[in-house]
Structure formats: structure tokens, C-alpha cells
Amino acid sequence: MSAGRQDDADGLLSALQRLLGEGGVLTERSDLERYETGWRYGRGRAWAVVRPSTPEQVAEVVRLAHEHGRPTHPIGANTGLVGASNPDASGEQLVVSFERLNRTIEIDAVDRTVLCDAGVLLSQLNEALAPHGLFFPIDLGADPQIGGMVATNTGGSRLCRYGDVRHNLLGLEVVLPDGTRVDRLSALHKDNTDLDFKQLFVGTSGVYGFVTRARLKVAALPEQRVAALAGVTNGEAGLRLLQHLERSAGEFLSAFEAISGPALDAVLEHGADVTDPFVGASRRPEYALLVEFSTTLGVERLDLRELLEASLLAWCEADTTAEDDVVDVVFDGDGESFWHIRHQISESLAHDASQHGGKVLGFDVSVPRARMAEFTSRARELLAARWPFVRLCDFGHWADGGTHLNVVWREAEAGAPAAELVPAIQEAVYDLCVRDFAGSYSAEHGVGPHNRSFQERYELPAVRAARLALARHFGR
Ligand SMILES: Cc1cc2nc3c(=O)[nH]c(=O)nc-3n(C[C@H](O)[C@H](O)[C@H](O)COP(=O)(O)OP(=O)(O)OC[C@H]3O[C@@H](n4cnc5c(N)ncnc54)[C@H](O)[C@@H]3O)c2cc1C
């Protein structure tokens with residue numbers, strides 16, 4: 001590095017230290033490590049990490065970095081799954097962590113909204129909302145920050161009832177790449193005055209600016225939650241069940257998740273504190289469907305468990321093939337043990353792989369939900385024909401057409417190294433999904449280094465032109 005460049009770097013560091021004070025700037029390698037390594041994917045190298053604690057400090061950090069020509073990279077709770085949460089490998093990026101920007105949580109129970117800092121964790125927000133009988137209804141097996149959730153437009157398991165972050169967002173405050181702070185913290189539920197500026201920052205991974213605060217819609221906490229696990233012998237039966245439930249009790253349905261037989265088996269083998277829900281059944285299910293009902297009505301006004309049982313029974317009686325298709329239907333109070341199984345699938349597959357020298361290749365894809373069963377069957381056939389040593393362990397949010405296709409194999413049984421197999425399998429599965437089923441190669445985790453090449457493969461030229469023009473407009 002030239003002396004001038006070094007002086008400039010030292011000057012920026014000193015200015016940041018003066019601005020942020022004790023613990024606000026990290027430069028020691030051992031301190032940087034946790035910001036450089038992703039939850040599942042991603043490994044980079046930071047120039048330094050800053051931890052501002054107010055929106056004004058974020059704006060000043062970005063302004064200073066911009067003035068010194070230093071690239072910045074935002075990081076939330078680091079739970080993202082596409083390698084986008086961490087800095088790149090250059091060692092040049094200033095990582096802006098939002099973990100200290102977590103003091104504001106202003107609840108308006110009448111308006112059913114909350115204004116909160118970007119660094120507030122989902123769990124922290126829900127803890128503050130609970131005494132008001134409210135919650136932020138995006139539910140997932142991780143604890144992200146609100147800013148990270150906006151930047152990735154997080155979906156979650158109850159999307160079929162409440163929608164994703166985009167559907168629950170009223171306003172945003174952002175800091176643009178030159179340090180300009182823009183307050184669009186609207187509390188309006190209706191506002192059709194042309195461009196909806198905040199949407200530029202939803203699901204776009206912080207490329208156009210950093211989220212510093214958000215105004216969110218929140219929901220009433222349910223009084224009752226009940227769940228059942230329906231084992232079926234084929235995916236089409238699962239889709240018929242979904243249709244039946246939406247027709248007969250749609251306003252109560254809050255989750256409809258599918259767990260394939262191989263995914264369930266992996267949890268039974270490697271998960272902690274699990275018992276087989278279908279232990280007495282004469283057949284193994286191809287899919288276990290987690291059906292959840294919830295309501296704000298108290299049990300004295302409506303027995304939700306009874307309604308769920310009646311709805312499932314009515315389906316078994318009405319569906320002419322139900323006798324062949326249904327393995328068993330099991331209940332468990334609020335469904336805690338079923339969600340416990342659901343949330344342990346990825347870790348169980350990873351555990352199995354590490355124990356047996358295996359590989360897990362994950363896909364986060366979506367298709368029109370009516371075609372979900374057909375799509376997974378076609379994916380299974382395609383894999384069996386070209387790579388007979390792999391297994392498909394899929395699970396996902398079937399009510400919104402999302403599925404996690406996990407392709408699993410033992411390295412010793414594979415005919416080629418993973419480095420060769422991975423791109424070939426990815427291309428085949430994504431092509432099937434996007435080109436043959438009009439699906440998405442990234443249903444909920446966003447676009448990052450992990451799947452950037454597929455954005456290039458499938459993005460329409462007009463969309464790319466608009467995206468690049470916006471990036472230029474924001475100086476990126
Ligand atoms: C076990 C597990 C289960 C999951 N389940 C789901 C699921 O069901 N549905 C779902 O949608 N996702 C799911 N995810 C993915 C993940 O939780 C989300 O992508 C998450 O919301 C990201 O938030 P974060 O705070 O961790 O952000 P990070 O991972 O730190 O960052 C994610 C992206 O946002 C950018 N970013 C972070 N903060 C800001 C900010 N303040 N301003 C601008 N950009 C910012 C980062 O640069 C990065 O590009 C799951 C993850 C795990 C580990």
C-alpha cells in the first residue's frame with residue numbers, strides 16, 4: 001500500500017474512532033472473525049468493523065467512508081443463507097454492524113404499528129410487543145435483526161396467513177451510499193402518491209442503501225394455536241388437503257408445511273428429543289404435512305382443536321382416495337413437538353453428512369403451488385436418472401409454493417468430486433424449476449454470491465437494465 005493510501009486509511013480509522021468511541025471500531029483479526037464467517041455459507045475478510053448506535057452515526061460512518069472511497073458492507077444478525085451477509089474476500093470493505101443500533105422500540109397499540117431500530121432482534125421485538133397482546137408475525141427458525149429482515153424480505157412459516165416483511169412494512173428510514181439520511185417512516189396504511197420509495201430497499205440486500213429504522217405492522221397474538229401432522233403417501237394428496245382446509249376453514253389456517261419421508265427420517269436419526277409421530281402406522285408417509293390453525297378467539301368461544309379435528313375428518317370422508325392416501329393423522333396440543341421436528345431438519349441432514357462423509361446441496365426454490373407435487377416428483381426423477389447415488393430430502397412452506405430441496409449424497413458413492421457435481425446438479429434443478437415450472441431459483445433467501453450466477457442466467461434483460469440503472473443512480 002502506498003504511503004498516501006495508508007495515511008488516508010489511518011485518517012478514516014481515526015475519524016471513525018472519534019465518532020463511535022470505545023468499542024465502536026474493531027480492527028483486531030480475532031474480533032473480526034465472527035463478522036467474516038456466514039451461518040452456513042460465506043467467508044470473507046473485513047478491513048474493519050464499525051458498530052454505530054444511532055441512525056445519525058450510521059449516516060456519518062457512510063459519509064466518511066464515501067469521502068475516503070472506502071467500500072462499505074452492512075451486516076445484521078448474520079443468519080442469511082446466500083453468502084451475502086459477510087464482506088467479500090478483498091479485505092477492503094468496512095463492515096457496518098447494526099448490533100448496537102437496537103434501542104428504539106416504540107409501540108402504538110391503537111395503530112397496531114411499531115417503530116424500531118434496524119438492529120433490534122426479532123425475539124427482542126416480540127418480547128416488547130407481548131405485553132400489548134401483539135407480535136410481529138414473521139416466524140422462522142432463526143433470530144434475525146429487523147434491518148436484515150427488510151433487506152432480505154424474510155418470509156417464514158406463517159406467510160400463508162400474514163405475508164412476508166414487505167406485506168407488513170409501512171415505512172423505512174435509510175442511509176444512502178453517500179451518507180444521505182432519508183426518513184420515509186410513514187405510519188400510513190394507505191398512500192398512493194406515486195413511487196413507493198421504501199420498496200427499493202426491501203429484498204435488495206442493502207445494495208441501494210442501509211436500513212436504519214422501520215415502521216412495521218404488527219398482529220394480535222393468537223389465543224389458541226393447535227396443530228396436526230397428516231402423513232400422506234403422495235404430494236398430490238397434500239395439495240388436495242390444503243385446498244380443502246382453505247375452503248372450509250381458511251381464516252384459521254396459519255401454517256401448512258411439508259416434510260418429506262427422508263427429511264423426517266433424518267431428524268428421527270439425528271435430532272434431539274424427537275419421537276416418531278407415525279410409530280404405530282402400517283406404512284411410512286411420503287410427506288408429513290404440518291397443519292396449524294390459530295385464532296384470537298378464546299377457547300370458550302371456539303374450540304379450535306375440535307375444529308381442526310373436524311376439518312381433517314371431513315377431508316378424509318370427502319376425498320375418495322383418502323383411504324389409500326392417508327397414512328395417519330396425529331395431534332399434539334399446540335404442535336410444539338411437530339415444529340421441533342420441522343426446525344431440526346437442516347441440522348440433522350448436516351449431521352448425517354458429517355458422520356458419513358456426505359454432502360448436502362440445498363435449494364431454496366418456489367413454483368406455482370398447484371404444481372408443487374409434480375415439480376418435486378420431476379426433480380426426483382431427474383436426479384435419479386442422472387445421479388442415481390443422490391437422495392432428495394425436501395421440506396418447505398407448501399402453502400406458498402416454497403420448498404427446500406436438499407440433495408444429499410455420500411462422497412464415497414459418488415462418481416465424481418463435489419466440486420464437479422454441484423454446478424451440474426444446480427444447473428439441472430434450477431433449469432427445471434425456472435424454465436419448466438415458471439419458478440424462482442431463490443424463493444426466500446435472496447440473491448448473494450451463492451446464487452449470483454443464476455441471477456445472470458435467468459434475469460430478463462429489461463429487469464437487469466433497470467436494476468443496473470438504479471445501482472448507478474445510488475452510486476453503486
Ligand atoms: C435456521 C434458519 C432458518 C431460516 N428460515 C427462514 C425462513 O423460513 N424464511 C426466510 O425468509 N428466511 C429464513 N432464513 C434466512 C434468514 O434468517 C433471513 O435472511 C434473515 O432475515 C436475515 O436477517 P439478518 O439480520 O440475519 O441479516 P444478515 O444475514 O446479517 O444479512 C442479510 C443481508 O441483508 C443485508 N443487511 C443486513 N442488515 C442490513 C441493514 N440494516 N440495511 C441494509 N442491508 C442489511 C446484508 O448485507 C445481507 O445482504 C433462515 C435462516 C436460518 C439460519
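In this text the structure is predicted, and so the values were computed from the model without any measurement. Just follow the structure's listing: the first ligand is 1, and inside any ligand the first atom is 1.
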remark   = Taking only non-hydrogen atoms of Gly206 and a 4.0 Å limit, the atoms of ligand 1 in range are 43 (C), 44 (N)

task = Give a yes or no on whether the ring-centroid distance for Phe135 and Tyr162 is below 6.0 angstrom.
result = yes

remark   = shortest atom 27 (O) of ligand 1-to-protein heavy-atom contact is with Gly148 CA, 3.6 Å

task = With heavy atoms of His73 as the reference, note each atom of ligand 1 found under 4.0 Å away.
result = 47 (O)

query = What are the two closest non-hydrogen atoms of Ala399 and Cys160, and how far apart are they?
reply = CB-CB, 3.6 Å

ask   = For Ser440 and Ser442, does a side-chain donor sit closer than 3.5 Å to a side-chain acceptor?
value = no

query = Hey, looking at atom 20 (C) of ligand 1, which of Asp364, Thr79, Thr204 has the closest heavy atom?
reply = Thr79

inquiry  = Tell me the protein heavy atom at minimum distance from atom 53 (C) of ligand 1, and give that distance in Å.
reply    = Trp39 CE2, 3.1 Å

message = Minimum distance, heavy atoms only, to atom 34 (O) of ligand 1: which one of Gly446, Ala151, Ala214 is it?
response = Ala151

query = Looking at Pro144, which atoms of ligand 1 are within less than 4.0 Å of one of its heavy atoms?
reply = 20 (C), 21 (O), 23 (O), 24 (P), 25 (O), 26 (O)

task = Under 4.0 Å from a heavy atom of Thr152: give me the atoms of ligand 1 that qualify, with their elements.
result = 18 (C), 19 (O), 20 (C), 21 (O), 22 (C), 32 (C), 33 (C)

ask   = Of the protein's non-hydrogen atoms, which lies at the shortest distance from atom 1 (C) of ligand 1, and what is that distance?
value = Gly141 O, 3.4 Å

inquiry  = Taking the side chain as everything from C-beta on, heavy atoms only, tell me whether Ile146 gets closer than 4.5 Å to Phe98.
reply    = no

request  = Under 4.0 Å from a heavy atom of His397: give me the atoms of ligand 1 that qualify, with their elements.
outcome  = 8 (O)

query = Within a strict 4.5 Å, meaning less than it, do heavy atoms of the Arg45 and Pro87 side chains meet?
reply = no

Which residue and heavy atom of the protein sit nearest atom 12 (N) of ligand 1, plus the separation = His445 CD2, 3.7 Å

inquiry  = Pairing donors with acceptors under 3.5 angstrom, does anything connect the side chains of Thr295 and Gln224?
reply    = no

request  = Provide, to 0.1 Å, the distance between atom 47 (O) of ligand 1 and the closest protein heavy atom, together with that atom's residue and name.
outcome  = Pro74 O, 2.6 Å

message = As an exercise, identify every atom of ligand 1 less than 4.0 angstrom from a heavy atom of Leu81.
response = 50 (C), 51 (C), 52 (C), 53 (C)

Parallel, tilted or perpendicular: ring planes of Tyr441 versus Phe454, cut at 30 and 60 degrees = tilted

ask   = Between Gly76 and ligand 1, does any nitrogen or oxygen pair lie at a separation below 3.5 Å?
value = yes

query = Under 3.5 Å, N or O to N or O, is Ser157 touching ligand 1 that way?
reply = no

ask   = How close do Phe136 and Leu125 get, heavy atom to heavy atom, and via which atoms?
value = CB-CD2, 3.8 Å

message = Using a 3.5 Å cut-off on N or O atoms only, is Gly80 in polar contact with ligand 1?
response = yes

query = Taking side chain as C-beta onward, heavy atoms only, is Thr403 less than 4.5 Å from Val367?
reply = no

request  = Give the residue and atom name of whichever protein heavy atom lies nearest to atom 52 (C) of ligand 1, and the separation in Å to one decimal.
outcome  = Ala142 CB, 3.6 Å

inquiry  = Suppose we measure from atom 41 (N) of ligand 1 to each protein heavy atom; which comes out shortest, and what is that distance?
reply    = Val211 O, 3.0 Å

request  = Compute the shortest N/O to N/O distance between Gly156 and ligand 1 and return yes if it is under 3.5 Å, no if not.
outcome  = yes

query = Is there any N or O on Ala84 that sits under 3.5 Å from an N or O of ligand 1?
reply = yes

Nitrogen or oxygen of Asn78 less than 3.5 angstrom from that of ligand 1 = yes

ask   = Atoms of ligand 1 less than 4.0 Å from Phe98 heavy atoms?
value = 40 (C), 41 (N)

request  = Please step through side-chain contact (heavy atoms from CB on, under 4.5 Å) for the pair His351 and Gln344, ending with a clear verdict.
outcome  = CA-CA 10 Å; His351 194 261; Gln344 288 195 76; over 6 Å; no

inquiry  = I'd like to check whether Gln145 has a polar contact with ligand 1, where a contact means an N/O of the residue lying under 3.5 Å from an N/O of the ligand.
reply    = yes

Aromatic ring pairing Phe197/Phe474, orientation class (parallel under 30°, perpendicular over 60°, tilted between) = tilted

query = Between the side chain of Asp400 and the main-chain N/O of Arg158, is any donor-acceptor distance below 3.5 Å?
reply = no

task = Mind listing the closest non-hydrogen atom pair of Val175 and Ala59 along with its distance?
result = CG1-CA, 3.8 Å

request  = Test side-chain contact (heavy atoms from CB on, under 4.5 Å) on Tyr458 and Arg435 and set out the steps.
outcome  = CA-CA 9 Å; Tyr458 304 119; Arg435 294 189 170 149; 4.0 Å; yes

message = Gly147 versus ligand 1: do any nitrogen or oxygen atoms come within less than 3.5 Å of each other?
response = no

Atoms of ligand 1 close to Phe210 [distance to a heavy atom under 4.0 angstrom, numbered from 1] = 42 (N), 43 (C)

message = Evaluate Arg40 for polar contact with ligand 1, using N/O atom pairs at a separation under 3.5 Å.
response = no

note = Among non-hydrogen protein atoms, atom 31 (O) of ligand 1 lies closest to Ser85 OG, 3.6 Å

query = Shortest non-hydrogen contact from Thr376 to Leu392?
reply = O-CD2, 4.0 Å

task = Return the minimal non-hydrogen interatomic distance between Ala187 and Asp111, and the atom names on each side.
result = O-OD2, 3.7 Å

